[in-house]
Amino acid sequence: MIKMLVCDFDGTLDGGPSAGVEQFSSYIQEQTGVSFVIATGRTLPSIKQGLSANSYPTPRSIISDVGTQIHHDNDLIKDDKWQEKLQAKWNKSSVQEALQSIDFLGDCNAQHQGDYKLTFEGKLNHQQYVAIAHQLQQYAIEVDLTYSHDWFLDITPKGINKASAIHYLMRKHRLSVEEVCVAGDSANDTSMLTISGVNSILVANHYQEVAHLTKLDHVYTSKATHAQGVLEGLKYWQSVHLDK
Ligand SMILES: [Mg+2]
């Protein structure tokens, strides 16, 4: 049985017709045994705003800032245990100092920055991406780099991403990977879409950067886009796991 549905927001749930969001929301509200969780690259204030702009169901938890923050329940209580894990792995000013001399890094807009995440905006070619990774290595800084939408470069603590946050929630709620469904559309969803044994959904409007994932057995590629695509995928995985 599927007991937790984890959805990316932009381009996955959001961005399609409102009628699709309404269908998705009413279905989720009927599924009392399924926890609805958001996993987004947005900051918490930004995802709160996004969710309130349409009739989305209230998430049980929000994984924000590409996995570097987790908040729970209606009151959005910060998960302090998760934060403690991150503190030891992150020194933002060291990262900024190491990257000072890189003149092709894009803008670092305030609304996209998190306590444990730096986001630069701008197109990067492969050579530039490699140069950034090399520079951080030179400074012995261990971080993860995620370049998505051919525009956003996220720098986060090593090993912290949407997938590691989902593993944390699975342990917290004693869920097995077969009971979890994840849905996404772009490169910052790759970590969660490729969790071994998880039930994955790629919406029809996914980016080319994740098109290779459609070949994987555990990835269902929806015919529908956005929220309707997530709904289609959730129903598919629920039918697969009906007797289990
Ligand atoms: Mg997305």
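Owing to the predicted nature of the structure, the values given are computational and were not obtained by experimental measurement. Order of listing sets the numbers, starting from 1, for every ligand and every atom in it. FYI, side chains are in, hydrogens and waters are out, and symmetry mates aren't considered; it's all heavy atoms of this structure. Numbering starts at 1 and runs along the sequence shown.
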*asked:* Between the Mg ion (ligand 1) and Asp8, which N, O or S atom of the residue is the nearest one?
replied: OD2
*Atom CD of Glu142 with >12 non-hydrogen neighbours under 6.0 angstrom*: no
*If you look at Asp10, which of its N/O/S atoms is nearest to the Mg ion (ligand 1)?*
O
*asked:* Does Lys85 have more than 12 heavy atoms from other residues, nucleotides or ligands lying within 6.0 Å of its NZ?
replied: no
*Using a cut-off of strictly less than 2.8 Å, determine whether Asp185 has an N/O/S atom near the Mg ion (ligand 1).*
yes
*asked:* I need the Lys92 NZ to Gln96 CD distance, nearest 0.5 Å.
replied: 6.0 Å
*asked:* Does the plane of the ring in His173 sit parallel, tilted or perpendicular to the ring in His72? Use 30° and 60° as the thresholds.
replied: perpendicular
